[in-house]
Amino acid sequence: MLHIVPPVNLPKIVCLFFKSGVEPRVNCVKDMTTLSGIMVSDWTYYSEMTIRDFFLNPSVTVLTVYYLYNKLSVSLSFPLVPVTEITYFVREPQEILRADTFKDRVLFGTMNDEVESHVLSMVQNVLAPIFLKIETWPDSILFPSLA
């Protein structure tokens, strides 16, 4: 006899960690945040709870830290208004970030309003290493004067 089971809405995946398991990652985010003039006293209970939410809810893919109206803001999305400096953490959807893999699995960085420095940094740190590893460049690129 064949039984047809209707689809069931599965609950949202929630990562459950003991407080001691999340706290080192919260501190890691705080240590990796490199905003100008940031001080330990700028971190609030609410900012730390937002960081915890990032780790406890794998469906959240972005964590941002920035100053808005001279107050440190931590958000699970990008700001809707322009800010002069922002630190971001991005992960794959549904990825569970463990303490031992956090720094390897998350994409993070700090950006400010100096566009040229970010373009230069991107070329030096991302594009140049990729291009230098390619060993099959055509002669017209390697030796433009011969083409």
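Using a 4.5 Å heavy-atom cutoff, the side chains of Thr110 and Leu35 are in contact. Taking the side chain as every heavy atom from C-beta outward, Val83 and Leu68 approach each other to under 4.5 Å. Counting heavy atoms from C-beta outward, Phe108 and Lys103 have side chains that stay 4.5 Å or more apart.
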Please step through side-chain contact (heavy atoms from CB on, under 4.5 Å) for the pair Val29 and Leu63, ending with a clear verdict.
CA-CA 10 Å; Val29 166; Leu63 175 72; 3.9 Å; yes

List the steps, then state whether side-chain contact (heavy atoms from CB on, under 4.5 Å) holds for Asp53 with Leu76.
CA-CA 8 Å; Asp53 287 345; Leu76 299 177; 4.0 Å; yes

What do the steps show when you test Arg105 against Glu95 for side-chain contact (heavy atoms from CB on, under 4.5 Å), and what is the final call?
CA-CA 9 Å; Arg105 300 297 305 156; Glu95 181 172 18; 2.6 Å; yes

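Side chain of Arg25 to backbone of Leu97: a donor-acceptor contact under 3.5 angstrom is found. A donor-acceptor pair under 3.5 Å is formed between the side chain of Asp42 and the backbone N or O of Met39. In this structure, the side chain of Glu85 engages the main chain of Ser36 through a donor-acceptor pair within 3.5 Å. Thr64 places a side-chain N or O within donor-acceptor distance of the main-chain N or O of Ser77, the cut-off being under 3.5 Å.
Shown here for Thr61 and Pro93, the closest heavy-atom pair between the two residues is CG2-CA, 3.6 Å. The two residues Ser47 and Val74 make their nearest non-hydrogen contact at CB-CG2, 3.3 Å. Of all non-hydrogen atoms in Phe55 and Val26, the two that sit nearest each other are CE1-N, 4.1 Å. The two residues Tyr67 and Leu72 come nearest to each other via the heavy atoms CD2-N, 3.6 Å. Of all heavy-atom pairs between Pro129 and Gln124, the closest is CD-O, 3.3 Å. Contact between Ile96 and Pro58 at its shortest, heavy atoms only, is CG1-CG, 4.0 Å.
Ile86 and Tyr69 fall within a single hydrophobic cluster, where Ile, Leu, Val, Met, Phe, Trp and Tyr are joined by side-chain heavy atoms under 4.5 Å apart, directly or via other members.
Between Tyr88 and Tyr66, the distance separating the two ring centers is not shorter than 6.0 angstrom.
Taking Ile, Leu, Val, Met, Phe, Trp and Tyr as hydrophobic and joining them when side-chain heavy atoms fall under 4.5 Å apart, one finds Val40 isolated, its cluster having no other members. Members clustered with Tyr45: Tyr46, Met49, by chain and number, using a 4.5 Å side-chain heavy-atom cutoff among hydrophobic residues.
Under the 4.0 Å criterion applied to side-chain N and carboxylate O atoms, Glu23 and Arg52 are assigned as salt-bridge partners.
Taking a 6.0 Å sphere around CG of Leu80, one finds it holds 12 or fewer heavy atoms contributed by other residues, nucleotides or ligands.
Residues Thr87 and Thr33 have side chains that never bring a donor and an acceptor to within less than 3.5 angstrom of each other.
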